[in-house]
Amino acid sequence: MRLDEFKDEIRGKKVSVIGIGVSNIPLIKMLVSFGAFVTAHDKSSPGKLGEIYNELKELGVNLILGEDYLKNIPKDCDYIFKTPGIRCDVPEIAERVKNGAKLSSEMNLFFELCPAPIIAVTGSDGKTTTTTLITELLKKEGYVCHVGGNIGTPLVDKTESIKPDDKVILELSSFQLHTMKKSPHIAVVTNVTPNHLDWHTDLAEYEEAKKNIFLNQKDGDITVLNYDNEVTRGFAASAKKHIFFSRKHNLEDGICLIENNIVLKENDRIKETILDISTIKIPGMHNVENYMAAIAATLGMVSAETIRYVAANFGGVPHRIEFVREIDGVKYYNDSIASSPARTTAGLISFGDKKVILIAGGYDKKIPFDSFGAVVNKCVKSLVLVGATSDKIEASVREAENYDGLPIYRVSDFKSAVLRAREISQSGDIVILSPACASFDLFKNFEERGNTFKAIVNSL
């Protein structure tokens, strides 16, 4: 759909926007500017919304706030744009859709209006780094890039400034993908492991949400899949056209690792040797996989020379094994993005045989920790636990077959966790915040958690 067509369609319509957050605020303003009658719903109070409350009021937006914010969706609304965190099957929304309201989202609308090719990345782990790597590669090659989704800025109100020759790179969560009706030109799935089971009804629904990134692709579109992950390997049967990447297998076709070199293979022959992984600046084999995914996504768009330059110079994304400071010979790393056991496992393994002091724990997403304990026992020198999942993590560690008396410290608040880690550390040690859980029990998001960690460490 072209932007002028959407303007004509939405003008004079009654629209409810569920959630007054970062991505929906530009959407609300855009809809008002196009002549729609907008009602915005949010459980926050006017005080918590702050200046945006007055700004929306001045624009003529009808605001429904508080705990009952979903109970007053106008019965005659024409459109509902929901925030990703709200399920589409909540009764209040489902009833309006049944009565004829069109259900959409900021991201789904952007897909309809965007005039440029879209590359989108999802996965349980690695999606932010992969999205950033794709962007860095394309920018270095000379493309004008627009980054959005879970990172960057909302793009729906910027479609008029995006040119057809630009590149759009998006990071998409399972929440965003759950109701998506559009797919990008290039879809990347880094991996799929159990996650967000506090929101999705079960693992099958979570996996189906991830598949939405490519199920609506058209002829000529491509899906990049991780061959080493059983779930994503199985996704290939449903994709129109796919390319695999693999760190562990010598593929006949795709991006794989041979003798420490990332190569492109076709018909079981090496077509191009692209990158020596020893030159990659950011640590860990999981980042080798992220580079493989990014290389596969940009085949034909960037040169090997560009890839090598970025690999040697890109220092990583904040909150992802981010070096913070060295104090008295102890190095502190911020890996706050690690909101699942799989992500923390990758971070721990990235330090090789060096055992670390781990700060972990947080909000319970109902993810199993069954195998996590064995990894902790193997890779961790001392464990400091804080937050709602402390019991589950400690049980996993103690019940693992390789448990051999690993010191476990329980603290009541986040600052105490950092102070305890410093207290038990010695010169030569590594302290890493890699929680294996979401942040919502103590912080609003992983960025706030990571920034708090850095502030405490920098104040020591």
Open item on the list: Within the 3.5 Å criterion, strictly below it, is a donor on Asn108 or Ser105 matched to an acceptor on the partner's side chain?
Closed with: no
Open item on the list: Is there a side-chain contact between His146 and Ile169 in this structure, where contact means two heavy atoms from C-beta onward sitting under 4.5 Å apart?
Closed with: no
Open item on the list: Checking side-chain polar atoms at under 3.5 Å, does Thr389 have a donor or acceptor matched by the opposite partner on Asp364?
Closed with: no
Task: Test item: Asn24 side-chain N/O and Leu27 main-chain N/O as donor-acceptor pair under 3.5 Å - done: no
Task: Distance-only polar pair, side chains of Thr129 and Thr132, donor-acceptor under 3.5 Å - done: no
Task: Heavy-atom neighbours of Lys331 NZ exceed 12 at 6.0 Å - done: no
TODO: Look only at the side chain of Thr83 and the backbone of Ile86, and say whether a donor-acceptor pair between them is shorter than 3.5 Å.
DONE: no
TODO: Flag the pair Ile186 / Asp221 as yes when at least one side-chain heavy-atom distance between them is below 4.5 Å, and no otherwise.
DONE: no
TODO: Using the six-membered ring of Phe214, assess whether NZ or CZ of Lys240 lies under 6.0 Å from its centre and within 45 degrees of the ring axis.
DONE: no
- [ ] Examine distances only and state if a side-chain atom of Asn261 and a backbone atom of Thr273 form a donor-acceptor pair shorter than 3.5 Å.
- [x] no
- [ ] Please lay out, stage by stage, how Lys454 and Glu322 fare under the test salt bridge (charged side-chain N to carboxylate O under 4.0 Å, His left out).
- [x] CA-CA 10 Å; Lys454 291 192 287 184; Glu322 174 190 13; 3.1 Å; yes
Task: Within-4.5 Å side-chain heavy-atom neighbours: Phe443 and Phe414 - done: yes
- [ ] For Glu171 and Ile151, work out which heavy atoms get closest and say how close.
- [x] OE1-CG2, 3.3 Å
- [ ] Taking atom CD of Glu305 as the centre, report whether more than 12 heavy atoms of other residues, nucleotides or ligands fall under 6.0 Å from it.
- [x] no
Task: Test item: Thr223 and Gln217 side chains (from C-beta on) under 4.5 Å apart, heavy atoms - done: yes
Task: Sub-4.5 Å side-chain heavy-atom contact between Arg233 and Phe244 - done: yes
Open item on the list: Looking at Arg410 and Asp391, is there a salt bridge between them, counting it only when a charged N and a carboxylate O are closer than 4.0 Å?
Closed with: yes
Task: Verdict with supporting geometry, Ser434 and Tyr333, side-chain hydrogen bond (donor to acceptor under 3.5 Å, both in side chains) - done: CA-CA 9 Å; Ser434 191; Tyr333 288 86; over 6 Å; no
TODO: Check whether more than 12 heavy atoms from other residues, nucleotides or ligands sit under 6.0 Å from atom NZ of Lys140, and answer yes or no.
DONE: no
Open item on the list: Treating Ser439 as the side-chain partner and Arg449 as the backbone partner, does any N or O pair qualify as donor plus acceptor under 3.5 Å?
Closed with: no
- [ ] Mark yes or no for whether Asp441, through its side chain, and Tyr363, through its backbone, hold a donor-acceptor pair below 3.5 Å.
- [x] yes
TODO: State plainly whether the residues Glu208 and Lys211 are in salt-bridge range, i.e. N to O under 4.0 Å.
DONE: yes
Open item on the list: Any non-hydrogen side-chain atom of Val192 less than 4.5 Å from a side-chain atom of Phe235?
Closed with: yes
- [ ] Give the intermediate values and the outcome of side chain to side chain contact (heavy atoms under 4.5 Å, CB included) for residues Asp335 and Leu433.
- [x] CA-CA 5 Å; Asp335 194 32; Leu433 169 69; 5.8 Å; no
- [ ] Could you pull out the closest heavy-atom pair between Met285 and Ile277, with the gap in Å?
- [x] CE-CD1, 4.2 Å
- [ ] For this output row, return yes or no: ring centroids of Phe323 and Tyr332 closer than 6.0 angstrom.
- [x] no
Open item on the list: Has Asn451 got a side-chain atom pairing as donor or acceptor with Glu447's backbone, closer than 3.5 angstrom?
Closed with: yes
Open item on the list: Any salt bridge linking Glu394 with Arg398? Criterion: basic side-chain nitrogen under 4.0 Å from a carboxylate oxygen.
Closed with: yes
Task: Asn226 and Asn191: CA distance, side-chain angles, deciding distance, side-chain hydrogen bond (donor to acceptor under 3.5 Å, both in side chains) verdict - done: CA-CA 6 Å; Asn226 185 350; Asn191 50 59; over 6 Å; no
Task: Lys365-Asn195 side chain donor-acceptor pair, cut-off 3.5 Å - done: yes
- [ ] Examine the side chains of Arg320 and Thr128 and answer whether a donor and an acceptor come within less than 3.5 Å of each other.
- [x] yes
TODO: Look at Lys163 together with Asp165 and state whether they make a salt bridge at an N to O cut-off of under 4.0 Å.
DONE: no
TODO: Report the C-alpha distance between Val189 and Val224 in whole Å, list the side-chain angles of each, state the deciding distance to 0.1 Å, and finish with yes or no for side chain to side chain contact (heavy atoms under 4.5 Å, CB included).
DONE: CA-CA 6 Å; Val189 190; Val224 176; over 6 Å; no
Open item on the list: Donor-acceptor pair, distance only, cut-off 3.5 Å: does the side chain of Asn267 make one with the backbone of Arg269?
Closed with: no
TODO: Measure across Asn402 and Ala374 and return the closest heavy-atom pair with its distance rounded to 0.1 Å.
DONE: ND2-O, 2.9 Å
Task: Nearest-0.5 Å distance that lies between atom NZ in Lys181 and atom CG in Leu103 - done: 8.0 Å
Open item on the list: Looking at Thr131, is its backbone amide N or carbonyl O close enough to the side chain of Thr135 to form a donor-acceptor pair, meaning the two atoms are under 3.5 Å apart?
Closed with: yes
Open item on the list: Does the Lys NZ or Arg CZ of Lys43 fall within the cation-pi geometry relative to Tyr69 - under 6.0 Å from the ring centre and within 45° of the axis?
Closed with: no
TODO: Give a yes or no on whether Asp202 atom CG has more than 12 heavy-atom contacts from other residues, nucleotides or ligands under 6.0 Å away.
DONE: yes
- [ ] Please step through side-chain hydrogen bond (donor to acceptor under 3.5 Å, both in side chains) for the pair Lys127 and Thr190, ending with a clear verdict.
- [x] CA-CA 6 Å; Lys127 54 185 178 289; Thr190 59; over 6 Å; no
- [ ] Give, for atom CZ of Arg420 and atom OH of Tyr409, the distance between the pair rounded to the nearest 0.5 Å.
- [x] 7.0 Å
Open item on the list: Could you tell me if the side chain of Asp166 sits less than 4.5 Å from the side chain of Cys145, heavy atoms only?
Closed with: no
Open item on the list: Working note: Val147 + Val168, criterion side chain to side chain contact (heavy atoms under 4.5 Å, CB included); need CA distance, chi angles, decisive distance, verdict.
Closed with: CA-CA 6 Å; Val147 187; Val168 173; over 6 Å; no
- [ ] Using a strict 4.0 Å threshold on nitrogen-to-oxygen distance, state whether Asp157 and Lys29 make a salt bridge.
- [x] no
Task: Thr179 to Cys88 - nearest heavy-atom pair and separation - done: CG2-SG, 3.6 Å
TODO: Kindly say whether Met107 contributes a backbone atom to a donor-acceptor pair with the side chain of Gln176 at under 3.5 angstrom?
DONE: no
Open item on the list: Checking side chain to side chain donor-acceptor pair (under 3.5 Å) between Ser174 and each of His200, Glu205, Glu207, which is the one that passes?
Closed with: His200
Open item on the list: If you count every heavy atom of other residues, nucleotides or ligands that lies below 6.0 Å from Asp268 atom CG, does the total exceed 12?
Closed with: yes
TODO: For residues Cys256 and Met292, report the shortest heavy-atom separation together with the two atoms involved.
DONE: C-CE, 3.5 Å
Open item on the list: For Lys265 and Asn250, which I'm curious about, is there any donor-acceptor pair between the side chains at under 3.5 Å?
Closed with: yes
Open item on the list: Has Asp228 got a side-chain atom pairing as donor or acceptor with Lys248's backbone, closer than 3.5 angstrom?
Closed with: yes
Open item on the list: Looking at Asp328 and Arg422, is any side-chain nitrogen of the basic one under 4.0 Å from a carboxylate oxygen of the acidic one?
Closed with: yes
- [ ] Could you walk me through whether Ile359 and Leu385 pass side chain to side chain contact (heavy atoms under 4.5 Å, CB included), step by step?
- [x] CA-CA 6 Å; Ile359 301 174; Leu385 293 174; over 6 Å; no
Task: Heavy-atom pair of closest approach, residues Ala40 and Ile28 - done: CB-CD1, 3.9 Å
Task: Min side-chain heavy-atom separation Ser246-Leu251 under 4.5 Å - done: yes
Task: Polar contact flag, side-chain donor to acceptor under 3.5 angstrom, Asn334-Ser336 - done: no
